[in-house]
Amino acid sequence: MSERSFHSNRNSQGSVIPSSLIILSNFFQEIPDFMSIVDTEYRIVFSNWKGGVEPGDSGTLTQGRHCYEVYYPGRTIPCDNCHLREVFKTGKPLITDKVLPRTGLIEIHVFPLFDDHGKLVMVGEYHRNISDQHRAEVALRKANRMLQAIIDASPLAIVAVDNELNVTLWNPAAEKMFGWQKKEVLAKPYPAVLPELQEEFQNNLRQMSAGEIRRQIETSRMHKDGSFVDVAHSSAPLQDSTGITIGYVAVMADISSRKAEQQVLKESEASYRTIFDAANDAHFVFDAQDATILDVNLKMCEMYGFDNREEALKHNVEEMMAGYPPYTLNDLLPRIWKAKDVRLQTFEWLAKHTSGRLFWMEVVMKGVVIGGEYKVLAVVRDTMERKAAEEENRRMQETLLQANKMAAVGTLASGIAHEINNPNNFILSNAQFLLDNWCNIDRILSIYATENGEFFIGKMPYSEARAIIPEMFESITEGAQRIKGIVTGMKDFSRKEKATLDQTVDVNKVIEAAVSMLHNQIKKHTDFFSCSLGQDIPPVKGNFRQLEQIVVNLTLNALESLPSRDCGVYIATTYSRFLSKIVIKIQDEGVGITEEVQKTIFDPFFTTKLDSGGTGLGLSICFSIVKEHNGMILCESKPGEGTTFLVRIPVIESEKRR
């Protein structure tokens, strides 16, 4: 370690320095801060030149120089507020600070040095550079002022307490929120905790003591007047530099208005929900962009088959529609977008129940604002009953029209029958005349053939024609008789007569008359038709034409149900002694009838053949006629296996004992 000279004006001749002074000099050299000794003329007699204040290249340059020349280069006179002068004057130490050009802000400790006689001969200086500390203190004061300004300007109440829960901070917002002025609460116990919330408050303190920060806890605090203040409360522990908790700070927002609004909104929502769920129509609330279902009412759940609202909201609207054009999501979205623009949309839609059943609905859509956002409200009404009623009304009108047409046809048929009957009688009588006189004609023609040889009649050799012509006359007569029978049957069937039920009717003759009338229809529909009439069938009391109408209607239905000519129709009559009733059985090998249809086949105007002219009155009329005859009509059928109708008519009372 190098050794510097220890200078003294009194030792100018270079006397030997005692070892104790050398030790003292070395001690001063090792002190990290600047130290110096100045005599009464302000000359530096000793300095360690540490602390970044080295005034020159070597100590020799500062030997005997005035302190103000070294500290303030270029200065020639002592400083006006010289701290050395003050110590020389008072003989007392002092502490001050100054700004030196070379080092910045310096804290100076000045102390007097006395000789053995107690005379003040020199002054010692100790310099400590506090520039960084000063800058830090300035920054800290600035930050504290800024923090205090923020705390004072904050609209949120900011409160701090120490570990004993005495208030250390109470900003103006806290004064306004709780009513206590700052001077009323500082250094006093925190006053705003409600007695019933002490447990919550203590639990909050325990969690903060463990280092936890508590955010946005909604609770209540007490106002000076004793009222409650609803607050959103966030709090954290205050810790010193070692991490020890020295208190707690809380930031609170007054949410009383929001709570009141929430209560009003809650009551309003409850009212809305009551009205919403009480509606007789289904309601949807849709997202206006992608048709997401946001809300539904109870009627919607009932209409679509959901157990509750929560279950319904798990599904998307695409699952609740028919799913084929024009009933797809792509068809619905444009309607929703138009409704969002406050353009009312009214349309019919084919929806799908959770069971898969499709049903019609009427939809009214309108854009609404809910919670500040645009939504689309859809009010939906199931129109299946209305459509069914409309369809039933249309079908009944068509049926009545058809019935009127049939009545007109019946009247026309009666007239036509009369017109056909006249020329047919000429055909019948002339054909019969020719047949009766054919033997005479044939004899004359035979003589001619013998005398003149073979000749032709209608391109047919006479030898062949003489055998065929009689058969032709017979066919003409038979055909004319057939026409006469049909015309008579049509006239009888369409004749308006008083429906008396006092006739003694042979059921077998009823069957024969009906089959005769339906001869052409039978030949048209099947190659397999049989009619088995029971022997010794007792007569019944009733109306021949009405019973004939039953057989005609049931047989026509049976014929029209056949899928091909290979399928047959079978009619039979029997007598049940046990029931004392005649049984007419009409069985077919047709397509059959489903159980659902069987429940309604006897209803007026019900028909499965509306497009082909069915009126829906045939079976209804049959049912009414059988009922008027005190009988019963039954239907037994399975799809694909054919149908059997059984008509039971009681026999005449006197015949029951036979």
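- Taking both residues in full, the closest heavy atoms of L120 and P112 are given as CD1-CB, 3.3 Å, listed atom of the first, atom of the second, then distance.
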*Under the side chain to side chain contact (heavy atoms under 4.5 Å, CB included) rule, what do L165 and L205 come out as? Steps first, then yes or no, please.*
CA-CA 10 Å; L165 304 184; L205 290 176; 3.8 Å; yes
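- Within a 6.0 Å radius of CD in E595, no more than 12 heavy atoms belonging to other residues, nucleotides or ligands are found.
- Between the side chains of N203 and E200, not a single donor N or O lies within less than 3.5 Å of an accepting N or O.
- Side-chain atoms of K98 and N81, non-hydrogen and from C-beta on, do get closer than 4.5 Å to each other.
- Two residues are said to be in side-chain contact when any heavy atoms from C-beta on lie closer than 4.5 Å; V231 and T219 meet this criterion.
- Side-chain contact between Q345 and V363 is absent, with no heavy-atom pair separated by less than 4.5 Å.
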_Candidate pair M252 and V159, rule side chain to side chain contact (heavy atoms under 4.5 Å, CB included), full reasoning_ = CA-CA 8 Å; M252 289 169 280; V159 175; 3.9 Å; yes
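- Remark: side-chain polar atoms of T40 are not paired, donor with acceptor, to backbone N or O of V121 under 3.5 angstrom.
- Looking at heavy atoms from C-beta onward, E125 lies in side-chain contact with H83 at the 4.5 angstrom threshold.
- In this structure, L329 and M321 approach most closely via the heavy-atom pair N-SD, 3.2 Å.
- Put simply, CD on Q148 and CZ on R141 are 15.5 Å apart, with the number rounded to the nearest 0.5 Å.
- Taken from CG in L313 to OG1 in T292, the straight-line distance is 11.0 Å, to the nearest 0.5 Å.
- Remark: W337 CH2 to Q289 CD distance equals 8.0 Å, nearest 0.5 Å.
- No close placement of the Y190 and Y248 rings is indicated, their centers lying 6.0 Å or farther apart.
- Side chains of S235 and N204: a donor on one and an acceptor on the other come within 3.5 Å.
- No more than 12 heavy-atom neighbours from other residues, nucleotides or ligands sit within 6.0 angstrom of CD on E199.
- Using cut-offs of 30° and 60° on the angle between ring planes, the pair W170 and F178 is tilted.
- Counting heavy atoms from C-beta on, the side chains of I130 and R128 come closer than 4.5 Å.
- Counting only distance, with no hydrogens or angles, the side chain of T168 and the backbone of A160 share a donor-acceptor pair below 3.5 Å.
- In this model, a donor atom of one side chain and an acceptor atom of the other lie less than 3.5 Å apart for H223 and D225.
- The aromatic ring centroids of F347 and Y327 lie 6.0 Å or more from each other.
- Side-chain atoms of N316 come within 3.5 Å of backbone N or O of E319 as a donor-acceptor pair.
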*Show your working on side chain to side chain contact (heavy atoms under 4.5 Å, CB included) between R43 and H66 and close with a plain yes or no.*
CA-CA 4 Å; R43 296 182 183 276; H66 293 100; 3.5 Å; yes
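- Ring-plane geometry between Y71 and H127 is classed as tilted, the angle between the planes lying from 30 to 60 degrees on a 0 to 90 degree scale.
- Of all the heavy atoms in P172 and I151, the pair that sits closest is CD-O, 4.4 Å.
- The two residues S47 and I44 come nearest to each other via the heavy atoms CB-CG2, 4.0 Å.
- Heavy atoms only, all atoms of each residue included: V296 and A312 are closest at CG2-CB, 4.0 Å.
- Between the side chain of H283 and the backbone N or O of D281, at least one donor-acceptor pair lies under 3.5 Å.
- F359 contributes atom CZ, which lies 8.5 Å from atom CG of L350 (distance to the nearest 0.5 angstrom).
- The side-chain heavy atoms of Q239 and T245, taken from C-beta on, include a pair separated by under 4.5 Å.
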*N308 and E311: side-chain hydrogen bond (donor to acceptor under 3.5 Å, both in side chains), yes or no, with the steps?*
CA-CA 6 Å; N308 50 57; E311 182 187 356; 4.9 Å; no
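- Taking the six-membered ring where the residue is Trp, H315 and F306 present tilted rings, their angle falling between 30° and 60°.
- Between M222 and W180, the shortest heavy-atom distance links the atoms O-CZ3, 3.4 Å.
- Atom CG of L377 and atom CZ of F284 lie 11.0 Å apart (nearest 0.5 Å).
- With a 6.0 Å radius and a threshold of 12 heavy atoms from other residues, nucleotides or ligands, E596 has its CD atom at or below the threshold.
- Ion pair K299/E302 flagged as a salt bridge, since at least one NZ, NE, NH1 or NH2 atom sits closer than 4.0 Å to an Asp/Glu carboxylate oxygen.
- In terms of the salt bridge (charged side-chain N to carboxylate O under 4.0 Å, His left out) criterion, residue partners of E184 (sequence neighbours excluded) are, by chain and number, K224.
- In summary, E362 and R381 do not engage in a salt bridge, as defined by a charged side-chain N under 4.0 Å from a carboxylate O.
- Between the CG atom in N171 and the NZ atom in K182 there is a gap of 9.0 Å [rounded to 0.5 Å].
- When side chains are defined from C-beta on, R309 counts as touching D295, because their heavy atoms get closer than 4.5 Å.
- The backbone N or O of D80 lies less than 3.5 Å from a partner atom in the side chain of R85, making a donor-acceptor pair.
- Considering only heavy atoms from C-beta on, I108 stays 4.5 Å or farther from Y126 through its side chain.
- With 3.5 Å as the limit, one finds a donor-acceptor pair spanning the side chains of S256 and D254.
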*Mind running side chain to side chain contact (heavy atoms under 4.5 Å, CB included) on L84 and Y68 for me, showing each step along the way?*
CA-CA 11 Å; L84 298 176; Y68 49 82; over 6 Å; no
*asked:* For N330 and T328: C-alpha separation, side-chain torsions, deciding distance, then whether side-chain hydrogen bond (donor to acceptor under 3.5 Å, both in side chains) applies.
replied: CA-CA 5 Å; N330 290 335; T328 67; 5.0 Å; no
